[in-house]
A.B. asks: 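Could you have a look at this structure, given as structure tokens, before my questions?
Every chain is numbered from 1, with letters handed out A, B, ... down the list of sequences. Quick note: numbers below take in every heavy atom, side chains included, and nothing from hydrogens, waters or symmetry partners.
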2 protein chains.
Amino acid sequence: MKSTIAALKAIADGTRLRVVKLLLQYNYCVGALARRLDVTEAAISQHLKVLREAGLLVGEKRGHFMHYDVDRNALRALGAELEKLAAIERQVCKPEEEDCEQQRRGRCRAHEAGGKCPEEVRFACHGPNADEKENGRNGHCECQEPQKGIR
Amino acid sequence: MKSTIAALKAIADGTRLRVVKLLLQYNYCVGALARRLDVTEAAISQHLKVLREAGLLVGEKRGHFMHYDVDRNALRALGAELEKLAAIERQVCKPEEEDCEQQRRGRCRAHEAGGKCPEEVRFACHGPNADEKENGRNGHCECQEPQKGIR
DNA sequence: TCTGTAATTAAGTAATCACTTAATCAAGGG
DNA sequence: CCCTTGATTAAGTGATTACTTAATTACAGA
């Protein structure tokens, strides 16, 4: 997860994205990359280091020259991770499963449509001292799904 | 493509990634998010702005409260884009299809295993003045696929 | 071993960024 | 209309970053 962020940071840069796209097509050496992208060799070298340390590139020395290759699996995995993220399911309230004291609160409509209120949700939506302020507006928010037809 | 970079930059941050993960599960209001992630509301608000402007979040006002939702399609599309990137095919040399003057060069082994040398590759690998320096090492690199068995 | 070149690293700089606090805007409730 | 509270914005700060030039390391040919 920390490596995911590093990899995302690595490709979230215009120049480095161009580097990756080019290296996917051509097995350029560093100097060729620099010429092709019109960037100094030092700059390219530093970008390559970032991409390499993020696990997106692997280098190979051939004679005088250093050639980098994109780790396509790593790149694919990164994409898959984002798609997997997009598939994270919503946690909805199921008050019948848990004793949810938020049901008592006037402005908390999180449960009227039927939903649970796990401890972490209760805490996050109403704060650590939610119990102390009965029926007030303080600390409340309609923190769950949009309530169709209500309000 | 520019929006891709903006979206990548947006999620390539630890706090914002946590925001996205949380909003995928719970429809928290801004204050709830801040409490849950133990970040000031101002900071969260700024992160939400970044994510919103990157097209990853959509906001909805409900009474007093502002609730943000992850645009799952945008997130999925971003992941798909990375996977598509990983599928970019390598350009290999096909000298029989093009008149490739690099074949004459001693140190350029790009073609010995059979490969084309399109103008852009030629330029990138050997520089704009490649023709002027016949048979020299200058400006050359073995810029294509690793040559098995050669050298 | 000496020389020329590819690549990396060092050092410095301007810009960007994540965060802070304080001020401001917005939306009810009394 | 005022007051409270949620949310955003403004302004400032320290850290990070992308780039530059210069120095250094690594490699191979003569």
A.B. asks: To the side chain of A:Gln46, which of D:dC27, C:dT8, C:dA11 is closest?
C.D. replies: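 In terms of side-chain proximity for A:Gln46, the closest of D:dC27, C:dT8, C:dA11 is C:dA11.
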A.B. asks: Does a side-chain N or O of B:Thr15 approach OP1 or OP2 of C:dC17 to a distance below 4.0 Å, or not?
C.D. replies: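 Negative; the distance criterion is not met.
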A.B. asks: For the pair made of NZ in B:Lys61 and P in D:dT8, what is the distance, rounded to whole Å?
C.D. replies: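 Between P of D:dT8 and NZ of B:Lys61: 8 Å.
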A.B. asks: Could you please name the option among D:dG6, C:dT20, C:dT8 that lies closest to any side-chain atom of B:Ala42?
C.D. replies: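 Out of D:dG6, C:dT20, C:dT8, the nucleotide with an atom closest to B:Ala42's side chain is C:dT20.
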A.B. asks: If you check every side-chain atom of B:Lys9, which of D:dT17, C:dC17, D:dT5 has the closest atom?
C.D. replies: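 Minimum distance to the B:Lys9 side chain belongs to C:dC17.
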A.B. asks: Please work out which of the three classes, parallel, tilted or perpendicular, describes the rings of B:His67 and B:Phe65, given edges at 30° and 60°.
C.D. replies: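 Ring orientation of B:Phe65 relative to B:His67: perpendicular.
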A.B. asks: Hey, is the side chain of B:Tyr28 poking within less than 4.0 Å of OP1 or OP2 on D:dA7, counting only N and O atoms?
C.D. replies: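 No, B:Tyr28 has no side-chain N/O under 4.0 Å of OP1/OP2 on D:dA7.
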A.B. asks: If you only use heavy atoms from C-beta on, which nucleotide in C:dT8, D:dA7, C:dA27 is closest to the side chain of B:His64?
C.D. replies: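 The nucleotide sitting nearest to the side chain is C:dA27.
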A.B. asks: Between atom NE2 in B:His67 and atom P in D:dT8, what is the gap in whole Å?
C.D. replies: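 Result: 11 Å.
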A.B. asks: Taking only N and O in the side chain of B:Ser45, is any of them less than 4.0 Å away from OP1 or OP2 of D:dA7?
C.D. replies: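 For D:dA7, OP1/OP2 do not have a side-chain N/O of B:Ser45 under 4.0 Å.
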A.B. asks: Checking contacts here: which listed nucleotide (C:dT8, C:dC19, D:dA18) is nearest the side-chain heavy atoms of A:Arg52?
C.D. replies: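 Nucleotide nearest to A:Arg52's side chain: C:dT8.
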A.B. asks: Checking contacts here: which listed nucleotide (D:dT9, D:dT20, C:dG28) is nearest the side-chain heavy atoms of A:Val39?
C.D. replies: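 Nucleotide nearest to A:Val39's side chain: D:dT20.
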A.B. asks: Could you please name the option among C:dA7, C:dA18, D:dC27 that lies closest to any side-chain atom of A:Phe65?
C.D. replies: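 Of all the options, the side chain of A:Phe65 is nearest to C:dA7.
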A.B. asks: So if I take every side-chain heavy atom of A:Thr40 and compare against C:dT8, D:dT21, D:dA28, which nucleotide ends up nearest?
C.D. replies: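 Selected nucleotide (nearest to the side chain): D:dT21.
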A.B. asks: When rounded to the nearest 0.5 angstrom, what distance separates CD1 in B:Ile44 from SG in B:Cys29?
C.D. replies: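 It is 11.0 Å, given to the nearest 0.5 Å.
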A.B. asks: Per the atom types in the model, does the base of C:dT5 pair as donor or acceptor with the side chain of A:Glu41 at under 3.5 Å?
C.D. replies: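 Checked by distance alone, the answer is no.
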A.B. asks: Consider the side chain of A:Asp13, meaning its heavy atoms from C-beta on, and name the nucleotide among D:dA18, C:dT20, C:dA7 that approaches it most closely.
C.D. replies: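 The answer is D:dA18.
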A.B. asks: For a quick test of reading the model: is some side-chain N or O of A:Arg62 closer than 4.0 Å to OP1 or OP2 of C:dA6?
C.D. replies: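 No.
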A.B. asks: Could you check A:Val30 against B:Ala12 and say which one's nearest nucleotide on DNA chain C is further toward the 5' end?
C.D. replies: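 The residue mapped nearer the 5' terminus is A:Val30.
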A.B. asks: Are A:Leu22 and A:Leu33 close enough that some pair of their side-chain heavy atoms sits under 4.5 Å apart?
C.D. replies: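 Yes - at least one pair of side-chain heavy atoms lies under 4.5 Å apart.
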A.B. asks: Salt bridge check, B:Asp69 against A:Arg90: does any charged N sit closer than 4.0 Å to a carboxylate O?
C.D. replies: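 A salt bridge is present here (some side-chain N lies under 4.0 Å from a carboxylate O).
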A.B. asks: Below 4.5 Å, heavy atoms only, C-beta onward: do A:Leu48 and A:Arg16 meet side chain to side chain?
C.D. replies: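 Side-chain contact under 4.5 Å: no.
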A.B. asks: Can you tell me how far C1' of D:dA18 sits from CD1 of A:Ile44, to the nearest Å?
C.D. replies: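 Rounded to the whole Å, the gap is 12 Å.
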